[in-house]
Amino acid sequence: MTSTRRDLLSSAGAAGAAIALSAMGAHAAPLPEASRTPAADPALRSLLDAVAGEILDETPEQATSLGLDVGARAALKSQLNDRSWAAAVKDADACAGRLTRLKAVDRAALKGFDASLYDAVVYANELGVEGGRFGYGDNTYAAAMGESATPYVVSQEGGDFNTVPEFLNSQHKVANAADADAYLARLSAFAVCLDQETARVRRDAGQGVIAPDFLLKTALDQMLPYRATPADQSHLITSLTARTDALGLSGGYATRAGKIVEGQVYPALDRQIAALRDAAAKAGHDAGAWRLPEGEAYYAWLLKVGTSTAMTADEVHRMGLEQNLEIQGRIDAILKAQGLTQGTVGQRVAALSKDPRFLYPNNAAGKAQLIAYLNGRIAAMRPLLPKMSK
């Protein structure tokens with residue numbers, strides 16, 4: 001798999017975890033036009049149809065994000081992704097099962113886009129199988145394809161506390177009473193997911209997999225003020241009531257949502273806070289993956305997830321240093337052409353940021369000038385974007 005994985009995912013209609021959704025063709029109407037290209041080979045298309053359906057059923061939130069929680073899958077709109085450890089094990093098994101079916105396809109007979117699509121789907125499921133070998137963290141297929149795989153199920157930027165409230169606010173559409181009721185169902189499911197994650201935090205801690213102290217502190221610093229918010233002021237409630245009020249829906253949504261937040265979500269959040277505090281009491285300051293079970297192998301897998309290559313950490317680091325030197329050389333030439341020759345490249349760039357010639361006035365007029373300049377640069381770049389995919 002080359003560094004064009006993201007292009008392959010996009011053209012395959014992946015939209016993150018559901019890479020095989022291109023097989024759904026016209027059924028995936030909410031996806032961009034380029035993402036709805038189906039597999040030309042009928043047998044491959046049929047297989048990817050099945051794979052896509054399985055992925056959607058396993059990831060209700062993905063179905064909602066893609067606008068596919070309708071029709072035969074309307075029930076998914078009332079569900080959240082299963083966050084239990086049992087679901088993580090099932091996910092790896094599902095990837096292995098899909099690989100068996102995919103490997104039965106005659107790869108040599110596939111041509112053009114079908115071959116690229118097939119390779120992308122195989123690669124994605126291989127990542128899911130490989131991630132499943134580690135008995136901790138969030139290494140599922142969806143996490144790998146979303147590049148959110150992490151050894152810590154809950155942290156300052158990971159876990160449902162960070163994602164579900166915004167998902168409900170921005171992704172869960174409320175156009176009628178059924179949608180509002182589905183929101184309430186998901187609100188209850190949020191409490192279940194929090195407890196599932198809490199159980200995994202404690203399970204992982206038993207294996208010595210504990211986030212470093214500074215990450216846990218940041219996570220708790222985010223959770224505690226959120227928990228201190230009175231239930232009736234929680235965005236979990238106001239997001240729903242603002243939309244139901246705008247639609248003129250009656251149904252006591254504020255009261256019903258308030259009972260769920262007060263009686264289910266907040267107690268689950270209390271339990272998660274307690275688990276993180278227990279973990280923090282045992283946490284160290286080191287952040288390296290070397291201290292994790294099979295840490296070297298785990299880091300290598302994460303690197304593969306993030307780069308789509310088999311490069312080692314040392315190779316990636318060396319490449320970064322080489323690219324940095326190359327970029328510095330180009331900047332140095334530009335600066336010298338402007339008569340800026342004294343000091344290091346960094347010092348000269350820092351001096352530029354303070355040079356009055358390149359500063360906009362710190363007022364409304366300066367703000368307008370800056371915005372106009374940036375809009376102009378964006379407009380100039382748009383015609384060049386198609387060349388980036390070639």
Side-chain angles (χ1 to χ4, degrees), residues 15-18 56-69 75-85 87-88 91 137-138 140-143 145-150 152-174 179-201 211 218-229 231-244 253-254 256-276:
L56 286 175
D57 291 340
E58 294 164 5
T59 56
E61 293 164 41
Q62 186 72 20
T64 292
S65 296
L66 293 170
L68 297 175
D69 56 352
L76 295 178
K77 191 161 191 175
S78 298
Q79 304 169 27
L80 295 175
N81 296 352
D82 190 336
R83 297 286 288 164
S84 67
W85 178 247
D91 177 87
D138 186 6
T140 61
Y141 172 93
M145 298 322 300
E147 295 188 357
S148 61
T150 170
Y152 313 119
V153 177
V154 179
S155 68
Q156 87 287 2
E157 60 180 19
D160 278 2
F161 166 78
N162 283 290
T163 60
V164 168
E166 180 54 31
F167 168 79
L168 290 174
N169 179 58
S170 63
Q171 298 291 312
H172 184 105
K173 294 180 173 58
V174 176
D179 291 345
D181 289 340
Y183 183 106
L184 292 176
R186 275 181 159 163
L187 204 54
S188 289
F190 181 30
V192 175
C193 289
L194 287 172
D195 279 336
Q196 289 173 337
E197 289 180 334
T198 298
R200 290 176 66 176
V201 167
T218 303
L220 287 167
D221 286 347
Q222 294 170 346
M223 288 183 176
L224 292 172
Y226 187 92
R227 174 61 182 87
T229 303
D232 61 354
Q233 297 176 28
S234 169
H235 194 51
L236 292 170
I237 298 174
T238 59
S239 173
L240 175 63
T241 56
R243 288 181 279 174
T244 54
Y253 289 105
R256 293 162 66 189
K259 288 181 179 179
I260 295 171
V261 171
E262 191 71 55
Q264 299 177 42
V265 175
Y266 275 2
L269 188 57
D270 286 337
R271 291 187 286 272
Q272 188 159 109
I273 289 171
L276 293 186

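Using a 4.0 Å cut-off between charged side-chain N and carboxylate O, Asp179 and Lys77 make a salt bridge.
Side chain of Ser239 to backbone of Leu236: no donor-acceptor contact under 3.5 angstrom is found. Looking only at distances, a side-chain donor or acceptor of Asp91 sits under 3.5 Å from a matching main-chain atom of Tyr141. The backbone N or O of Val154 lies less than 3.5 Å from no partner atom in the side chain of Glu197, so there is not a single donor-acceptor pair. Under a 3.5 Å cut-off, the side chain of Asp221 and the backbone N or O of Gln156 do not form any donor-acceptor pair. In this structure, the side chain of Gln196 does not engage the main chain of Asp82 through any donor-acceptor pair within 3.5 Å. Distance alone, capped at 3.5 Å, places no donor-acceptor pair between the His235 side chain and the Glu166 backbone.
Between atom OG1 of residue Thr163 and atom CZ of residue Arg83 there is a gap of 7.0 Å, rounded to the nearest 0.5 Å. In this structure, CE on Met145 lies 11.0 Å from OG1 on Thr140, to the nearest 0.5 angstrom. Atom CG of Asp195 is separated from atom OG of Ser84 by 12.0 Å, given to the nearest 0.5 angstrom. Of the inter-residue distances, the one linking Asn169 atom CG with Tyr183 atom OH reads 7.0 Å to the nearest 0.5 angstrom. The distance from atom CD1 of Ile237 to atom CD1 of Ile260, rounded to the nearest 0.5 Å, is 9.0 Å.
Asp270 meets the side-chain contact (heavy atoms from CB on, under 4.5 Å) test with Arg227; sequence neighbours excluded. Residues forming a side-chain contact (heavy atoms from CB on, under 4.5 Å) with Pro60 (at least two apart in sequence, or on another chain): Leu76, Gln79, Asn81, Arg186.
A distance below 6.0 Å separates the ring centres of Phe161 and Tyr226.
The stretch residues 256-266 participates, sequence neighbours left out, in these salt bridge (charged side-chain N to carboxylate O under 4.0 Å, His left out) pairs: Asp181-Arg256.
Contact record, Gly137 with Trp85: O-CZ3, 4.1 Å, taken as the closest heavy-atom pair. The minimum heavy-atom distance between Leu168 and Arg243, with the atom names listed, is O-NH2, 3.0 Å.
A side-chain N or O of Thr64 and one of Asp69 form a donor-acceptor pair less than 3.5 Å apart.
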